[in-house]
Amino acid sequence: MVLSSVPPVTTSLIATTEIILHIAPVSKGWKADAPRNVVFFPPTLTRQALLLQIGLLRPSMLIVADQTIDAEVIDQWRTSHPFGELYLVRRGTSLDKVRLDLCHANNIRVVNTPGVNAPHVAAYIAHWLTMSDGSIPHEVCVLGYGNVGKALVKLLLDRDPNVRIKVLGRFGRTPDTVGNASSESRVSFFVDWLEALQGACAVAVCVSLNDESAHRIDRALIQCMHKQARLVCVAKPGVFSDDALQALATAQDIQLVLDYGPATLDAFRIRTQALGCSVSTWCKPATLTTQAATTQACNRDLDYAVAVQLSLIALRGLVSRKLAQSLMIPSQQVYAGAPRVSIIGRGINGLLQAVMLRLANYQVTVFGGNQQSDGASHKQVNMRHLSATETTAKPLNNDYLTPGNQYLAVECNRAGIELFEKLLADNPSLARFARSRIVRAYRDDATGIEAAIREQRDIENRPWPSGKPGGELAEINQLQFQARYAMPGIGRAIEVSGYDLEFVPLKDEIEALLQRSGVQFLPQRLNPIQIADLSREHFVVTAMGVEEPEAVAIIGWFFKLRAVGDEGAGIRGLKLQYDLPIGVMNCRLDGEFILVSGGQVPADSSPENKASILAACLAAVARHFPNAYRRAIERGDLQVIECARPGTVDGLSIVYWSAYNRIVAGATYAAGTTQGLVWASLVQELICARAPA
């Protein structure tokens, strides 16, 4: 499979939504890879044509750039689509051309994509500030410290060790520490415009246009700059007062480079003409461009961010539909003439696929072994956790692990928790193997605990994908934690949403319910040719874990040691927070044994690196369970079970149509159980949509 310009799973999610009307710029990759329900029109589409297409297509979502979304457009949209929530996705940040009040009144949710184009715009500014010899000016003034300003400061600091930067921030705002700029001796922060611009030779204007900044750059500020200053402005030209434009028109050597969308630049030309200083007549003519955020790289990143937003919307719809249905596994077999589907893989992912497809009244056959060598689900380790941040720690460093990916992964986990809760409620025999709530414990010598807990609190407070209100986490102090678990080395702990599972009996019970429901389990292992042949006959879902060609095998370990005394007493659903490469260590007391998981070994690691990660994991186990670990070493009965879990290069799961009637699903890394019902629900909908009536 050639990876799409956006994660394949987002394309599959988006395919489950209604018509999406895309009237923004678009990258070649996304236009080629987008599902068929995304209809593209150029951003130059006229108002009347837009109104006509809204009436004809009745889209549930609009993707716009710099277009005006006013009362007429909103009224036509709501009239053509009278029921349900609509979504307006701004491919970019500015919302000043959107009637937000009317969107709210018409139940239209508005989302944008802040910060995505910032690195590209920053690179554009740096290009125009660069001197003829290729060097950066010795001193640069940056007006505005939003996403673009921060990206520009970081870029300049990285490029030139001698550069000095004056940054104008908003009054009363303390500069944050993004890129450590606020603690960098080469950067000075100002709140006074005159002080920041005095004598400036290279100026980047990237302030947002608001009541504070409108017409703020006046004649006096232009005159206080160096007589040969260069201004590169990516803000709306409304930041310049009329007398500032007249001063620029007569300045002999001040160069203005102004970049924005075509409509804004046209309005700027009309404005200067009305002032009697048409931009083409300036002593030093201004350079007007629309290039800062229109490169293919920037378009690709913006499309990526929009696709993540669309998939979040699709995810919420998917969860709501499934929660409105019964997830009770039928006790009777499907009728003889029912359509067939085969599932390749007998792990938890494959079982949950079988559940959802049996609920859709398919004859289901599951192929695959059930030996310890067959994958993570088949290790005899009776522990799994479902939590919101189950997959957020990744061992792979690459440009795809964006905040958007992390946010989507978390929401997929939370969607899985909601669907799992529904599965337990509708199948009471499963409930005895699950216990709600997860405890996250932080070492007494760890750094960044406040930030980590703040992140968990923010996630807990968010509405759930179904729309259910969020909740609050519970704090557990050190004394309470020690009394409950008798574990040393922990400073703070919190309790959050999630589930602890007795994994082995849960999996066995799901298999038993499926067998009673008529699902066939065949131990046969099919090779790629057999799978391809099978997919010519009927639908096939491959849920093969690390055997999927696109999956990356990430090595970790389970540790099993006999408990001593009250050490680890009552542990259920405990997660010990460690940085990579140890990663978060899941812990559980299973009968007489303490179970711990840990370690994330990148696929290209050397044997020596792998051994050092294992040693670090063992040291962590010894720290928190000293008596049990000491006795296990003395008696030689410490069990170390290596496990290869399937991941992906972008940190997101795989769900996409392959050749013939085949869907590939999985590669959830450590969240196969957490996200399993989400992807099984998605696969069910994709198959049912493609199946003949």
Side-chain angles (χ1 to χ4, degrees), residues 327-329 345-356 370 372 374-392 410 412-441 485 495-514 543 545 556-560 563 568 570-576 583-598 641 643 645-646 653 666 668-681:
L327 297 187
M328 184 181 71
I329 302 171
R346 198 170 173 171
I348 190 64
N349 183 12
L351 291 181
L352 295 176
Q353 295 285 346
V355 168
M356 296 309 299
N370 202 7
Q372 288 219 32
D374 288 328
S377 288
H378 307 287
K379 308 298 182 189
Q380 289 303 303
V381 180
N382 195 24
M383 173 179 63
R384 286 295 187 278
H385 289 171
L386 278 68
S387 74
T389 50
E390 200 66 27
T391 60
T392 55
V410 168
C412 288
N413 288 335
R414 300 177 82 225
I417 291 170
E418 286 202 277
L419 293 178
F420 188 79
E421 185 175 46
K422 171 73 169 171
L423 182 72
L424 296 181
D426 291 352
N427 298 274
S429 66
L430 299 176
R432 65 184 184 273
F433 306 120
R435 191 168 82 175
S436 64
R437 307 296 285 176
I438 292 289
V439 173
R440 309 189 79 94
Y485 300 123
E495 191 175 70
V496 297
S497 301
Y499 283 95
D500 168 271
L501 304 182
E502 294 181 57
F503 184 70
V504 174
L506 174 81
K507 183 171 168 289
D508 290 344
E509 179 64 13
I510 292 174
E511 282 199 27
L513 293 176
L514 288 171
W557 297 274
F558 290 110
F559 306 99
K560 189 172 182 179
I571 290 180
R572 292 285 297 271
L574 175 66
K575 306 180 86 67
L576 296 175
V584 178
M585 302 184 78
N586 292 350
C587 307
R588 185 175 189 275
L589 187 66
D590 183 42
E592 299 178 348
F593 292 93
I594 295 170
L595 305 176
V596 183
S597 70
I641 304 166
C643 182
R645 297 185 175 100
S653 302
T668 52
Y669 179 52
T673 311
T674 310
Q675 295 179 6
L677 276 170
V678 177
W679 308 134
S681 298

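Note that the structure is a prediction, hence the values are computed from the model and not measured.
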query = After noting the C-alpha distance and the side-chain angles of Glu421 and Ile417, does the key distance pass the side-chain contact (heavy atoms from CB on, under 4.5 Å) rule?
reply = CA-CA 6 Å; Glu421 185 175 46; Ile417 291 170; 5.6 Å; no
message = Once side-chain hydrogen bond (donor to acceptor under 3.5 Å, both in side chains) is applied, do any residues pair with Ser436, and if so which ones, sequence neighbours excluded?
response = none
query = Closest approach of Leu352 and Leu677, non-hydrogen atoms and distance?
reply = CD1-N, 3.8 Å
query = Got a salt bridge between Glu511 and Lys507, using NZ or NE/NH1/NH2 to carboxylate O under 4.0 Å?
reply = yes
Spacing of Leu501 atom CG and Arg588 atom CZ [to the nearest 0.5 Å] = 8.5 Å
request  = Could you tell me whether the side chain of Glu502 reaches within less than 4.5 Å of the side chain of Arg435, counting heavy atoms only?
outcome  = no
request  = Determine whether the side chains of Arg440 and Thr389 contain a donor N or O and an acceptor N or O closer than 3.5 Å.
outcome  = yes
note = Between Glu390 and the options Lys575, Gln675, His385, the side-chain hydrogen bond (donor to acceptor under 3.5 Å, both in side chains) test singles out Lys575
Heavy-atom pair with the smallest gap, counting every atom of Cys412 and Val678 = O-CG2, 3.5 Å
message = Could you tell me if the side chain of Thr674 sits less than 4.5 Å from the side chain of Ser387, heavy atoms only?
response = no
message = So, taking the atom named CG in Asn382 and the one named NZ in Lys560, what distance separates them when rounded to the nearest 0.5 Å?
response = 8.0 Å
inquiry  = Give me the atom names and distance for the closest heavy-atom approach of Val355 to Leu423.
reply    = CG1-CD1, 4.3 Å
message = Before you tell me yes or no, could you show the steps for Ile348 and Phe503 under side-chain contact (heavy atoms from CB on, under 4.5 Å), namely the whole-Å CA-CA distance, both residues' side-chain angles and the distance that decides it to 0.1 Å?
response = CA-CA 9 Å; Ile348 190 64; Phe503 184 70; 4.0 Å; yes
message = Check this for me, if you would: do Asp500 and Arg572 make a salt bridge, where the nitrogen-to-carboxylate-oxygen distance has to be below 4.0 angstrom?
response = yes
query = Between Ser497 and Arg437, what is the shortest heavy-atom contact and its length?
reply = N-NH1, 3.5 Å
key: Verdict with reasoning, Ser597 to Trp557, per side-chain hydrogen bond (donor to acceptor under 3.5 Å, both in side chains)   = CA-CA 6 Å; Ser597 70; Trp557 297 274; over 6 Å; no
inquiry  = Using every non-hydrogen atom in the two residues, find where Gly570 and Tyr485 come nearest and quote the distance to one decimal.
reply    = O-CE2, 3.6 Å
remark   = Rounding to 0.5 Å, atoms OG1 (Thr673) and OH (Tyr499) come to a distance of 14.0 Å
query = Atom CD in Gln353, atom OG in Ser681: separation rounded to 0.5 Å?
reply = 8.5 Å
query = Is Asn427 reaching over with its side chain to a backbone N or O of Ile329, donor-acceptor style, under 3.5 angstrom?
reply = yes
request  = Rounded to the nearest 0.5 Å, what's the gap from CE on Met585 to CG on Leu574? Could you check?
outcome  = 10.5 Å
Non-neighbouring partners of Leu589 that pass side-chain contact (heavy atoms from CB on, under 4.5 Å), sequence neighbours left out = Ala563, Ile571, Ile594
message = Show the nearest heavy-atom pair for residues Leu595 and Asp590, with the distance to one decimal.
response = CD1-CB, 3.7 Å
ask   = Is Arg645 close enough and on-axis enough to Phe558, meaning under 6.0 Å and within 45°, for cation-pi?
value = yes
